[in-house]
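Got a structure for you, questions after.
Source: prediction; values computed, not measured.
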Amino acid sequence: MEWCVDLGARGAGEAVARDVHRYLIRRGAPSSLGEAAATQALADLGRAFPKERLRLRLLWEGREASLVAYRLLGAEGGLPGLEIAAGATACPWFAGGLLGQFPAAVARVELGVTRALEGSADPDPGGERLPAEREGFLAGIAAMATRLSAYGPIGCSSFAGAASARQAEEGYRDRHRLSGPLSTRQVLEAFTDFQRSVGGDFEILEQHGTQAVVANRTCPFGDAVRQAPHLCRVTSAMLGSLAARSSGRAVVRLDATLSAGDPCCRLSLDAQPLEDPALGHLYTSPPSGLPAEVDEAAVLGRIDGHGISISLQLPRDRLSVPVIRHLARFALTEVGVVEDVAFDIELALSEACTNVLSHSGPGDAYEVGISILSGRCELRITDTGRGFDHVTIREHRAGNDAERGRGMALMQSVMDRVDFVSEPERGTLVTLIKQLVFDESSPARLLLAEARRSLAAES
């Protein structure tokens with residue numbers, strides 16, 4: 001967090017102190033700490049610099065919180081921010097950034113608050129990638145969360161971030177025709193380019209050699225991130241993995257996050273850390289992996305032994321159809337289903353969802369369940385509103401120019417089984433079943449085969 005402040009202005013110091021205190025509380029600090037220390041520190045700074053505007057930064061040095069003051073550079077007087085009191089402006093974001101040498105601090109005050117350790121998770125995504133567009137990106141993360149549930153929320157999010165990093169790097173290299181290690185600046189550009197393509201708003205605020213700060217006002221995950229703060233690890237792992245692939249090691253610290261209620265996300269990167277961090281997430285090349293308690297064989301077993309099950313409740317909105325299509329396609333591809341079969345399932349799912357949207361009536365919601373078992377895929381599309389008349393739709397099949405008839409015929413032509421159960425005013429359940437054919441040379445199937453051989457050898 002940062003503020004541009006004239007501490008001689010009435011109420012400015014108290015406003016900043018309250019802001020500092022709220023920030024520390026969101027980081028788990030005891031409610032009795034922080035505000036008193038910040039109030040005293042700001043009063044002392046006001047007496048030392050009664051007629052100067054200062055730039056204040058709340059920094060984590062190791063695990064300790066400190067308030068650091070700098071004299072404002074001439075160009076910084078007009079930095080946009082959030083006015084919180086006369087003469088005080090919170091500066092979590094400013095256009096254009098500040099590159100080059102940061103001015104020397106004129107004062108530094110420790111606030112007596114220690115931040116909890118978060119632990120590192122640095123999985124190897126292998127050949128996996130996540131699409132550089134929002135629908136595919138979100139669908140891919142949802143599929144990974146189901147398939148890799150034994151990794152836990154942080155492990156799954158870190159895996160998704162590392163997979164995103166591979167896609168971001170390859171896209172950036174292709175656009176700029178680059179080879180060899182990326183510079184820190186190029187890492188930052190690859191990261192921000194990808195984030196913007198999936199709905200983020202990241203910009204580079206500062207870069208001093210191999211250290212940098214990036215900030216973001218719009219989360220690709222939307223308001224859902226407030227209930228799922230582990231998704232911030234997607235962003236951390238993406239930036240850290242990108243940097244580590246060029247420098248060998250990198251540390252990312254989440255200094256502010258929208259998930260915690262901060263006005264922006266703010267990430268600090270050290271692309272060449274001299275030692276393991278006291279605070280932050282460490283990434284290496286090759287990746288150091290996930291915590292030891294994760295049982296990778298159990299994760300692989302879920303793919304072929306117990307299967308994947310995804311359940312979503314969706315609004316009656318046509319934008320939901322491409323999202324569920326991407327999710328189904330990604331899940332099927334991840335477990336090694338051949339492309340033709342995956343395409344048939346994706347197409348039938350799209351037709352079934354479109355029927356719901358066309359005939360279920362205004363204001364209805366609908367549910368989609370996807371179960372990928374060892375030998376088959378089962379789709380269940382439930383209209384939870386007044387339902388639609390599937391008998392009438394069936395009767396339209398004979399007319400080649402009837403849109404609804406073509407959709408019904410298409411589902412039946414590409415799936416092994418299509419069932420409808422409908423009750424007036426209670427909704428309609430559409431069940432689609434397809435036998436699966438796997439590409440045994442796919443990464444998922446090869447990993448499963450290896451896991452089976454290892455288990456057989458142990459027994």
Task: Contacts of type salt bridge (charged side-chain N to carboxylate O under 4.0 Å, His left out), residue R177, not counting sequence neighbours - done: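 With neighbours one apart ignored, the set is empty.
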TODO: Could you walk me through whether R57 and E206 pass the salt bridge (Lys or Arg N to Asp or Glu O under 4.0 Å) test, one step at a time?
DONE: CA-CA 13 Å; R57 310 182 89 192; E206 300 169 17; 2.8 Å; yes
Task: Any residue meeting side-chain hydrogen bond (donor to acceptor under 3.5 Å, both in side chains) with S320, in chain and number order, not counting sequence neighbours - done: Y366
TODO: Scan residues 162-188 for pairs that pass ring pair (Phe, Tyr, Trp, His ring centres under 6.0 Å), counting only residues two or more places apart or in two chains.
DONE: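 Every ring pair (Phe, Tyr, Trp, His ring centres under 6.0 Å) pair that includes a residue of residues 162-188, provided the two are not neighbours, is Y172-H176.
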Task: Nearest heavy atoms of L254 and H281, plus distance in Å - done: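 So the minimum-distance heavy-atom pair works out to CD1-CE1, 3.8 Å.
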Task: Summary of ring pair (Phe, Tyr, Trp, His ring centres under 6.0 Å) pairs that have at least one residue in residues 318-350, sequence neighbours excluded - done: none
Open item on the list: Can you pull out every salt bridge (Lys or Arg N to Asp or Glu O under 4.0 Å) where at least one residue sits in residues 227-248? Sequence neighbours excluded, please.
Closed with: E169-R245
Task: Partner residues of S157 under the side-chain hydrogen bond (donor to acceptor under 3.5 Å, both in side chains) criterion, sequence neighbours left out - done: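 With sequence neighbours excluded, S157 shows a side-chain hydrogen bond (donor to acceptor under 3.5 Å, both in side chains) to no residue whatsoever.
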TODO: Using the test salt bridge (charged side-chain N to carboxylate O under 4.0 Å, His left out), find all partners of E110 that sit at least two apart in sequence or belong to another chain.
DONE: none
TODO: Just jot down the side-chain hydrogen bond (donor to acceptor under 3.5 Å, both in side chains) partners of T333, sequence neighbours excluded, or say none.
DONE: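 Residues passing side-chain hydrogen bond (donor to acceptor under 3.5 Å, both in side chains) with T333: none at all.
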Open item on the list: Please determine whether the number of non-hydrogen atoms from other residues, nucleotides or ligands lying under 6.0 Å from atom CZ of R129 exceeds 12.
Closed with: yes
TODO: Kindly indicate, with the supporting measurements, whether the criterion side-chain hydrogen bond (donor to acceptor under 3.5 Å, both in side chains) is fulfilled by S158 and D122.
DONE: CA-CA 7 Å; S158 300; D122 186 22; over 6 Å; no
Task: From CA spacing to verdict: salt bridge (Lys or Arg N to Asp or Glu O under 4.0 Å), K434, D344 - done: CA-CA 9 Å; K434 178 84 170 179; D344 286 347; 3.5 Å; yes
Open item on the list: On a heavy-atom basis, which atom in A271 and which in A243 lie closest, and how many Å separate them?
Closed with: CB-CB, 4.4 Å
TODO: Applying salt bridge (charged side-chain N to carboxylate O under 4.0 Å, His left out), name anything that partners E128, two or more places apart in sequence or on another chain.
DONE: R147
Task: Interatomic distance, I345 atom CD1 to I370 atom CD1 [nearest 0.5 angstrom] - done: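 These two atoms lie 9.5 Å from each other.
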- [ ] Kindly write out the residues that satisfy side-chain hydrogen bond (donor to acceptor under 3.5 Å, both in side chains) with R226, not counting sequence neighbours, or none if the list is empty.
- [x]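 side-chain hydrogen bond (donor to acceptor under 3.5 Å, both in side chains) list for R226, sorted by chain: empty.
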Open item on the list: Other residues, nucleotides and ligands only: do more than 12 of their heavy atoms fall within 6.0 Å of CD on E339?
Closed with: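 Count not over threshold, so no.
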TODO: Go through the structure and list residues passing salt bridge (charged side-chain N to carboxylate O under 4.0 Å, His left out) with D262, not counting sequence neighbours.
DONE: R26, R27
Open item on the list: Run the side chain to side chain contact (heavy atoms under 4.5 Å, CB included) test against S268 and tell me which residues pass, sequence neighbours left out.
Closed with: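 Applying side chain to side chain contact (heavy atoms under 4.5 Å, CB included) to S268 gives V213, R253, D255.
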